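By convention here, the first residue in the shown sequence is residue 1. In this text the structure is predicted, and so the values were computed from the model without any measurement.
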Amino acid sequence: MFTLLLLNPFISFFAYAEEDYNWDDMFYYLSHGENNRLIPLVNKTSDFYFLDFFEDNVIWIKLEYDVNVNESWYKSNLELLNLTTSKRKLITNYEKNGSFISGPPKIYKNKIGWIKVNKKGFDINENITYEIWNYDTITENSTSLFNITNINFLCYNIDIYENYIIWACSHYANNQTFSKIFLHDIINNQTKIIHQTNNTIDSRNLAIHNNRIVWIESFSQNNKTMQNLLYYDININKTTNLLSLDIANIVSLEFMDNIIVWEYVIYDPISRIGISYYNLTSKTKYTLFYNQTDYSNPSLYNNHILFNYENSSNLPYSGLYIHDILTKSNTRIVYSIMIQNPKIFGTRIVFTIYLNFCFNIFLYDLNTDSDNDGVIDYKDIDDDNDGYIDDYELKSGSIIWDNKSLPKDIDLDLVPDILDDDKDGDNFNNTIDKYPENPDEWTDADNDNLGDNQEDPYPNDHDNDGYTDDKDVYPNDPERWKKEEKEKGFIPGFEIILLFISISIICFIKRKRK
């Protein structure tokens, strides 16, 4: 049972089906940078892998397809973009020596860390050398900090904080798993092992902040795979088990101050993505949500968790959201699908979108105020101050930051027609209104395709039976006009007349016989 389930902010998101979504408008919306709400940083790159962001620097792994080596082989290099100078720099050049970067690179202040893998060919039994590298953005110097050579080793999970770099390595031998966590002091150039275990330290689940390290370990218990959340204090050299988890599919973890956030996958039987976080101060675990079908990539800064919400059955509500840990509220800040690698630092957010068959990197500032009304966009229900709330505009396909882009609204009640039960405002629901877009007409009794109010040439005889409505007991039935009528075609009182005639004839015949 989850400690706290925060699904309420999403319940209203699921009211409209996918066919209500304006896909053409979404691509226009993103291609034009949301009227400078989204600032394109890198456009139409061939491919990239992972992304990290700190202050003015954005780093990512640039992948290139190499048809000369192997159909599934990519050359990977580390690229740096400075947001202030707009200068891009290729930090590594592994195109000719067969090396590549393993796992996500990390950046903290002026220091960048990554794992370089040296491998010849594709045979799994060949020796592999792992190198831990550091790059200084001020001096622009790269330094190899540590080398690991082992036929069975797998190294991954690098993170960096101040003068520390940490990483994890595992290998499998003699039917046992061996895992180690390394801590390297850049200033003193010293490396030590702070943790060894026979459990598995999972990929992308290792982080450091404020001289504290957290990670996830997997282990088998009663034929079931379990996971533990562990914590190491560098100052006192002590490891503590914080939490035991009954799931074994945690795919990423981030840590800052007293908050640890992770993403997990559960199969039930289809895969479902969720996010949980743990507060070291209150020793409480919270579940942010568990209901999506694509990766959410949570990122953490102070009391905010940034995550991507994407659900194939609720695409109109896909986008980039921010969760306020203090208020337990979720707010969408960018609406889009195919968002990846979102990272937050201060008020700025960097993320990627797969758009027009290419990857693009965008920047968004949380302080953006499109209509200059003093309310920042992600907290403003009407970003462009055109009277239509953003949620309505998104559902109807108009642009939320452009006050000249308005949804179709016949009755001008500020509810777009696509969402309005009475589009023309004549107080007749669209489902029963013969003319749902004409406020002056709503019925057509004689089905002559002319409204009963103003367009009908016989406005006083709605059923066109020759009897005006004031004399017609059945003004909407062309086959009846008086209550005495029994069948179509009979004149009122004809039955009585016919009976009188019949009796008269019989009496006449009897007199004749006498």
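To the nearest 0.5 Å, atoms CG (Asp420) and CG (Leu414) are separated by 10.5 Å. Note that the CG atom of Asp421 and the CG atom of Asp433 stand 12.0 Å from one another [nearest 0.5 Å].
Judged purely by atom type and a 3.5 angstrom limit, Thr92 has no side-chain atom pairing as donor or acceptor with the backbone of Tyr94. Between the side chain of Glu217 and the main chain of Asn228, no donor-acceptor pair closer than 3.5 Å is present. The closest donor-acceptor contact from the side chain of Asn302 to the backbone of His304 lies at 3.5 Å or more, if one exists at all. In this structure a side-chain-to-backbone donor-acceptor pair under 3.5 Å is missing from Ser252 to Asn297. Not one N or O on the side chain of Asn341 forms a donor-acceptor pair closer than 3.5 Å with the backbone of Thr352. At distances below 3.5 Å, at least one donor-acceptor pair connects side-chain atoms of Asp390 with backbone N or O atoms of Asp383. Listed for the Glu79 side chain is no donor-acceptor partner under 3.5 Å among the backbone atoms of Lys62. Under the 3.5 Å distance criterion, the side-chain polar atoms of Asp417 are matched with a main-chain donor or acceptor of Ile410. In this structure, the side chain of His209 engages the main chain of Asp257 through a donor-acceptor pair within 3.5 Å. Judged by distance alone, with hydrogens and angles left aside, the side-chain atoms of Lys283 form no donor-acceptor pair with the main-chain N or O of Leu280 at under 3.5 Å.
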Kindly indicate, with the supporting measurements, whether the criterion side-chain contact (heavy atoms from CB on, under 4.5 Å) is fulfilled by Tyr231 and Val214.
-> CA-CA 4 Å; Tyr231 160 88; Val214 296; 4.1 Å; yes
When you look at Asp371 and Asp369, which way does the side-chain contact (heavy atoms from CB on, under 4.5 Å) test go after all the steps?
-> CA-CA 6 Å; Asp371 55 7; Asp369 180 11; 2.8 Å; yes
Please test Thr240 against Leu230 for side-chain contact (heavy atoms from CB on, under 4.5 Å), starting from the C-alpha separation and ending with a verdict.
-> CA-CA 6 Å; Thr240 304; Leu230 291 96; over 6 Å; no
Derivation and outcome, side-chain hydrogen bond (donor to acceptor under 3.5 Å, both in side chains), residues Asn210 and Tyr161 = CA-CA 8 Å; Asn210 285 340; Tyr161 178 79; 2.7 Å; yes
Audit row: Ser329, Asp324, side-chain contact (heavy atoms from CB on, under 4.5 Å) steps and yes/no | CA-CA 5 Å; Ser329 61; Asp324 190 313; 3.7 Å; yes
Carefully, step by step, assess Thr137 and Asn110 under the rule side-chain hydrogen bond (donor to acceptor under 3.5 Å, both in side chains).
-> CA-CA 5 Å; Thr137 60; Asn110 62 306; 5.0 Å; no
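Inter-residue side-chain proximity for Ile250 and Tyr264 is flagged as met; some heavy-atom pair is nearer than 4.5 Å. You'll find the side chain of Leu245 reaches within 4.5 Å of the side chain of Leu243, heavy atoms only. Looking at Ile275 and His323, their side chains never come closer than 4.5 Å, going by heavy atoms from C-beta outward. Under the 4.5 Å side-chain criterion, counting only non-hydrogen atoms from C-beta, Ile213 is not in contact with Tyr164. The shortest distance between side-chain heavy atoms of Ile333 and Leu306 falls below 4.5 Å. Taking 4.5 Å as the limit, every side-chain heavy atom of Ile349 sits out of range of all side-chain heavy atoms of Val334. Counting heavy atoms from C-beta outward, Leu145 and Thr191 have side chains that stay 4.5 Å or more apart.
Of the charged side-chain nitrogens involved, none lies within less than 4.0 Å of a carboxylate oxygen, so that Asp56 and Lys87 do not count as a salt-bridged pair.
For the residue pair Asp409/Tyr388, the side-chain donor-acceptor check at 3.5 Å is satisfied. Side chain to side chain, Tyr232 and Asn237 meet the donor-acceptor criterion of an N or O pair below 3.5 Å. Side-chain contact, Thr368 with Asp377: no donor N or O sits under 3.5 Å from an acceptor N or O. No side-chain donor from either of Asn429 and Asp422 sits under 3.5 Å from a side-chain acceptor of the other.
Residue pairs satisfying the salt bridge (charged side-chain N to carboxylate O under 4.0 Å, His left out) criterion with at least one member in residues 225-241, sequence neighbours excluded, are absent.
For Phe54, the ring pair (Phe, Tyr, Trp, His ring centres under 6.0 Å) test picks out Tyr108, Phe345, with sequence neighbours left out.
Aromatic ring centroids of Phe146 and Trp167 lie under 6.0 Å apart.
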